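Positions are given from 1, in the same order as the sequence printed here. These numbers come from a predicted model, not from an experiment.
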Amino acid sequence: MTGETRARLAAQADPAYRDFQHKLMPGVENYLGVRLPLLRKAAAQLAKEGWAADLAAPDETFEEVLLRGMLIGKVKTDPARRLELVRQFVPCIHNWAVCDSFCAGLRDARVYKEEYFDLIQQYSGSDREFEARFAAVLLLTHFNRPEELDRCFAVYRGIRQPDYYAWMGVAWGYSVFAVTDFDRTIAAMEEAQLPDTVWNKALQKMRESYRITPEQKNWAAQHKRGQRGRKQHE
């Protein structure tokens, strides 16, 4: 971000919120403590201004990286240029908050389905934790219609990056797909031979979802797996 944008963010810093963020994401440094609504407002404003200078300048803080991701989703540009900006940004993702916010803002993925699905496939096999999570989260955010599930499941079977946030992105995705078609999602999870931790986290997220029926939540509660991969209560 440019020095002007950096100064604007610094003026909006909230030390108490900075400390709160640090508890949510231990290990992530360089917080200013700017709240999300203010960052969204800043992204919307920059998208109307000369945003190219901000995207060309380096980032120094967590908020600048987050703002850059938001800005990429908001700027008025052609689809090919936005896709190039996305590719340039993905290596800058080093935590779940930036990843998930960035994916949510890429509304072009709902319009240019094939281009973004190709992009997802490029990152789904990555050995980098947050590149794999990016693929998982972009998929669950914008590709969850009934006719899209089979190819979503195929992509998830290919995500084998072993680190925590990659796998948790996959678990989250299955819980979202279960809202669309519970039975097909459970069958896909069984076919994928998920580690116990991923299987159990997906079921937990289903139980926590307000869009899953009581009967489905009851099934999920009864099928938590033990240490050896066996289902409990069968």
Side-chain angles (χ1 to χ4, degrees), residues 1-77 82 85-110 123 128-142 163-173 175-176 201 204-205 208-211:
M1 292 291 149
T2 63
E4 181 180 355
T5 298
R6 187 171 295 127
R8 291 180 188 175
L9 293 177
Q12 296 174 325
D14 180 339
Y17 186 65
R18 179 192 61 211
D19 294 342
F20 170 73
Q21 284 181 307
H22 192 70
K23 293 177 182 178
L24 290 178
M25 291 180 289
V28 179
E29 303 296 339
N30 298 325
Y31 291 115
L32 289 173
V34 181
R35 294 179 180 271
L36 284 176
L38 294 175
L39 287 173
R40 294 190 185 103
K41 184 176 180 180
Q45 185 62 40
L46 287 174
K48 299 176 184 178
E49 301 173 354
W51 50 266
D54 279 286
L55 292 184
D59 297 319
E60 295 182 358
T61 65
F62 165 81
E63 283 83 358
E64 289 175 50
V65 178
L66 190 56
L67 177 57
R68 180 184 296 272
M70 292 177 176
L71 183 56
I72 290 170
K74 287 183 177 295
V75 297
K76 292 183 178 180
T77 189
R82 195 185 314 277
L85 293 173
V86 170
R87 292 190 184 94
Q88 292 173 6
F89 182 76
V90 170
C92 301
I93 300 173
H94 298 295
N95 60 76
W96 64 265
V98 169
C99 177
D100 299 357
S101 173
F102 182 52
C103 290
L106 292 178
R107 297 184 180 274
D108 266 10
R110 299 187 179 185
Y123 288 107
R128 296 184 177 182
E129 181 177 17
F130 287 102
E131 289 186 358
R133 184 181 175 93
F134 168 75
V137 175
L138 191 61
L139 198 65
L140 72 88
T141 305
H142 301 294
D163 294 324
Y164 178 82
Y165 287 106
W167 276 118
M168 291 305 100
V170 170
W172 178 19
S175 75
V176 171
K201 177 60 72 172
Q204 176 189 331
K205 285 187 166 294
E208 293 170 351
S209 173
Y210 65 88
R211 299 185 294 168

Just wondering, are more than 12 heavy atoms of other shown residues or ligands nearer than 6.0 Å to CZ in R107?
-> no
Would you check if W172 and D100 make a side-chain contact, meaning some heavy-atom pair closer than 4.5 Å?
-> yes
Decide yes or no for T5 and W51: does some side-chain heavy atom of the first lie under 4.5 Å from some side-chain heavy atom of the second?
-> no
Rounded to the nearest 0.5 Å, the CH2 atom of W96 sits from the CE atom of M25 at a distance of 5.5 Å
Any chance you could measure F89, atom CZ, to L71, atom CG, to the nearest 0.5 Å?
-> 10.0 Å
Going by heavy atoms in the side chains, are L67 and L46 under 4.5 Å from each other?
-> yes
For the pair F134 and Y123, name the ring-plane relationship: parallel under 30°, tilted 30 to 60°, perpendicular over 60°.
-> perpendicular
Between CG of L66 and CZ of R68, what distance do you get to the nearest 0.5 Å?
-> 12.0 Å
Write down the atom of A166, the atom of R133, and the distance for their closest heavy-atom approach.
-> CA-CB, 4.1 Å
Using modelled atom types only, decide if a donor and an acceptor are shared between the side chain of R82 and the backbone of V75 within a distance under 3.5 Å.
-> yes
On a heavy-atom basis, the closest approach of E64 and E60 is OE1-N, 3.1 Å
Straight-line distance of Q21 CD to F62 CZ, nearest 0.5 Å = 5.0 Å
So, T141 side chain and V137 main chain: donor-acceptor pair closer than 3.5 Å or not?
-> yes
Smallest separation among heavy atoms of I72 and L85, with atom names | CD1-O, 3.7 Å
Give a yes-or-no answer on whether the side chains of D54 and T2 include a donor-acceptor pair shorter than 3.5 Å.
-> yes
Side chain H142, main chain C103, donor-acceptor under 3.5 Å = yes
Out of curiosity, K205 NZ to M168 CE, how far, rounded to the nearest 0.5 Å?
-> 9.0 Å
Side-chain contact test, heavy atoms from C-beta onward, threshold under 4.5 Å: evaluate it for H22 versus E29 and give yes or no.
-> yes
Does the N95 side chain pair with the main chain of V98, one donor and one acceptor, at a distance under 3.5 Å?
-> yes
For E129 and Y165, indicate whether the former's side chain and the latter's backbone hold a donor-acceptor pair under 3.5 Å.
-> yes
Non-hydrogen atoms of V90 and F102 that approach each other most closely = CG2-CE2, 4.5 Å
For R6 and M1, indicate whether the former's side chain and the latter's backbone hold a donor-acceptor pair under 3.5 Å.
-> yes
With a 4.0 Å cut-off, would you call E4 and R8 a salt bridge?
-> yes
One should read off an interatomic distance between E63 CD and M70 CE, to the nearest 0.5 angstrom, of 10.0 Å
